[in-house]
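Input: a single structure, listed below in structure tokens.
Positions are given from 1, in the same order as the sequence printed here.
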Amino acid sequence: QVMKMVKHSRLCGRAIVAYLQSKGFPEVALHFVRDPNTRFRLALACGNIDAAIECALILEQQSEGKDGGRETWGQLASEALRQGNHQVVEMSYQRTKDFDRLSFLYLITGDTEKLRKMLKISNMRGDIMGRYHNALFLGDAQERVKVLEESGNMPLAYISAKLHGLEEASERIKITIETNGGSVEGLLENVDMSNGNAGCLLQPPTPIIKETNWPTKEVVKTTLEDYEGAGDEEDEQAAQNAAADLDTGADWDNEDYGADEPKSSGLEDALDDLDFGDDDDLGDWDDDLDLGDDMAQPEEPVDEMAGISDMGDGSGFTLPEAGRAAASCWVTNSSHAAVHMAAGDTAKSMQLLNRQIAVSDFSVLKDAMVGTYIGSFMSMPGIPGSSSMSVPLLANDSSGHPGSESLPRTSLKMKKLVAGIRSGYRFFQGGKFNDAKAAFITVLNDIPLVVTDNRSEANEIKEMLEICREYITAIRIKGVISENASNPARCIELSAYFTHCNLQPTHLLLALRSAMGTAFKHKNFITAASFARRLLELPDMSSERNADLRVKATKVLQKSEQMARNEYQLNYNENSTFKIDCKDFVPIYSGDDNVECPFSGSQYTDASMKGKVCLTSNFTTVGVKTIGLVTGS
């Protein structure tokens, strides 16, 4: 019914158009208006370029070459340029013969062929400035020299030809100047050659990708447009049904016609097929009755857009909603600190690290955090003269763009951690304990910013965390042993604790050999015998390369069993399981009070360590209860 009112009723009054416009429905008001000028302004308001072109063509015919048509096409060009519809902009500029804007449009769209045509048109029109501008846009130095020469600017033409290396043209212009009584001496002195840019060719960027229009998103039709299309289909279907009713010749041959149905007259059938609709819908049967004041005199033409032209931008066309930036999606889809750091949200990343693993000193993680941010984007160089484009690197785009579910591709991977662990093993095997400690600390610093893909990788990264803690603790004990060389009892204790760090079998062999020698040297034979037994029980001792060490351990065991005494009393019980205090390096037996680092798992018996920085990781706070390391995205 609304569409019938739109099609057949006269409702295009100023009040209803103003009301629809004020409520932000210019596309609805467009269906009620028939005046081309009003429709044109409404079409621009709702961004309907097709309707605006149709009205502009009608207004151009009505204006008969007056300036009104030029103004209409200019407004259409502005709206089309805002929407990126270059084809309509080009048509509008061509109809208004706006050659300057047309040349600039071809420049920014990279259409050099049409730009050369504009140069020919300017030459045919005798437009000196147009020729010079188009030659400048094309980077044609010879044409610019020719334009300056033909326009009588001989000194400028000579300077331009000389600077651009056009020797033949410069000699010809020089002869012309001297023939007319002039001189070229001192002309080039007016050009500043000190900066080296005076002779540079002004060349526009080479177009790589040429596109006519911007890519657009399909806008869903309004309700009235849907009903209008449906109404047209219904009218077409009704016409087909009427034509089918006229074809009744076949029914005359049917002997059973009307046997099973009640008979009705042809008039009744015809009346049944008629659809009068609602009584208020008279269609084209306008009674032309108007009992208002308009009966006295005909109504004067009124600008239906009067009073609404000053309305704000809120009543204009609303573009489709833009997509979300990749970084915005990342921070929504993950609670991992590395993901937020990759998105550039440093504050949130630091907050997550503090809440999850109690990070307090972020200076230690600075390099890893900056690397995570830089490694999540790729810089793609643009055309000459333009800045580079920053392209986000996605981790879950193997089967297509994930859209709002995207996650970043971080630079720190499991492969780098494995390489760091292997480097630490190699340095530890060679006795380069400082290098080994640096390698394990680097891995420990990178672990919080590594995003795992599955549960297996999550377990591996937690295992690497324990490896780093054990080896860093072992290396620190090794350093304290050197500091206590004058205290034999403490050296033996530290050597014993060294063997209880969770080391690789080959490294445990070295630790037991060192501890056995220290204990035997200081006449702690019971302890030395214990180390010798553990050493002989290792699987690697059966190999030929350890034959000499096996013989040596056997002799130490025999000698220690003969002596069977300890020279020094130790704080060490080999038969009890214990952890090692990472500050004082003393045993922590089951049930002893201690505080623990939420990240590295290092334990301390000293209650004063609570709230202080962990001595193993150097960036987390001891004694804070947290959720622990978050590994998955």
Under 3.5 Å, is there a donor-acceptor pair between the side chain of Asp345 and the main chain of Lys348? yes
Is there a side-chain contact between Glu143 and Val147 in this structure, where contact means two heavy atoms from C-beta onward sitting under 4.5 Å apart? yes
Any salt bridge between Lys146 and Glu149, counting N to O under 4.0 Å? no
Assess the residue pair Trp330 and Phe377 against the criterion (ring pair (Phe, Tyr, Trp, His ring centres under 6.0 Å)); give the C-alpha distance rounded to whole Å, side-chain angles, the decisive distance to 0.1 Å, and a yes or no. CA-CA 13 Å; Trp330 296 348; Phe377 286 87; 5.5 Å; yes
Ser404 and Asn333 have their tightest heavy-atom pair at O-ND2, 2.8 Å
Is there side-chain contact between Val370 and Lys366, with at least one heavy-atom pair below 4.5 Å? yes
So Phe137 and Leu119, do their side chains get closer than 4.5 Å, heavy atoms only? no
May I ask you to test the Leu393-Pro408 pair for a side-chain heavy-atom distance under 4.5 Å? no
Taking all non-hydrogen atoms of both residues into account, name the closest pair between Leu449 and Ala338 and its distance. O-CB, 3.5 Å
Scan side-chain atoms only and decide if Asp111 and Thr109 contain a donor-acceptor pair under the 3.5 Å cut-off. no
A quick test of your reading: do over 12 heavy atoms of other residues, nucleotides or ligands sit less than 6.0 Å from CD of Gln142? no
Does a side-chain heavy-atom distance below 4.5 Å link Phe362 with Leu353? yes
Are Trp73 and Phe40 close enough that their ring centers fall under 6.0 Å? no
Hey, does the side chain of Asn180 reach the backbone of Thr176 with a donor-acceptor pair shorter than 3.5 angstrom? yes
What do the steps show when you test Asp127 against Phe99 for side chain to side chain contact (heavy atoms under 4.5 Å, CB included), and what is the final call? CA-CA 10 Å; Asp127 185 1; Phe99 297 108; 5.7 Å; no
With a 4.5 Å cut-off on side-chain heavy atoms, are Asn134 and Ser103 touching? yes
Do Thr96 and Arg101 have a side chain donor and acceptor closer than 3.5 Å? no
Quick one: pull up OG1 in Thr410 and NE2 in His336 and give me the separation to the nearest 0.5 Å. 8.0 Å
Step through the shown structure and confirm whether more than 12 heavy atoms of other residues, nucleotides or ligands are within 6.0 Å of CZ on Phe104. no
Evaluation steps, side chain to side chain contact (heavy atoms under 4.5 Å, CB included), between Met369 and Met350: CA-CA 10 Å; Met369 295 178 72; Met350 295 170 67; 3.9 Å; yes
Ser390 and Pro392: which non-hydrogen atoms are nearest, and at how many Å? O-CD, 3.9 Å
Among Lys114, Glu90, Arg116, exactly one meets side-chain hydrogen bond (donor to acceptor under 3.5 Å, both in side chains) together with Tyr106. Which residue is that? Glu90
Note, Lys413 side chain near Val450 side chain (heavy atom, < 4.5 Å): no
Do the side chain of Ser349 and the main chain of Ala337 share a donor and acceptor less than 3.5 angstrom apart? yes
Per side-chain contact (heavy atoms from CB on, under 4.5 Å), Glu79 is matched among Ile49, Val89, Val88 by Ile49
Has the side chain of Ser376 got a donor or acceptor atom that lies under 3.5 Å from a matching backbone atom of Tyr373? yes
What pair of heavy atoms forms the shortest contact from Ala169 to Val145, and how long is it? CB-CG1, 4.4 Å
Closer than 3.5 angstrom, by distance alone: can the side chain of Arg131 be matched with the main-chain N or O of Asn123 as a donor-acceptor pair? no
For Ala157, does its backbone N or O pair with a side-chain atom of Ser160 as donor and acceptor, under 3.5 Å? no
Report yes if the side chains of Ser406 and Asp397 come closer than 4.5 Å at any heavy-atom pair, otherwise no. no
Distance-only, no hydrogens or angles: does the Ser328 side chain make a donor-acceptor pair with backbone N or O of Arg324 under 3.5 Å? no
Where do Tyr158 and Lys162 land on the side chain to side chain contact (heavy atoms under 4.5 Å, CB included) test, with the steps shown first? CA-CA 6 Å; Tyr158 176 77; Lys162 200 70 176 176; 4.1 Å; yes
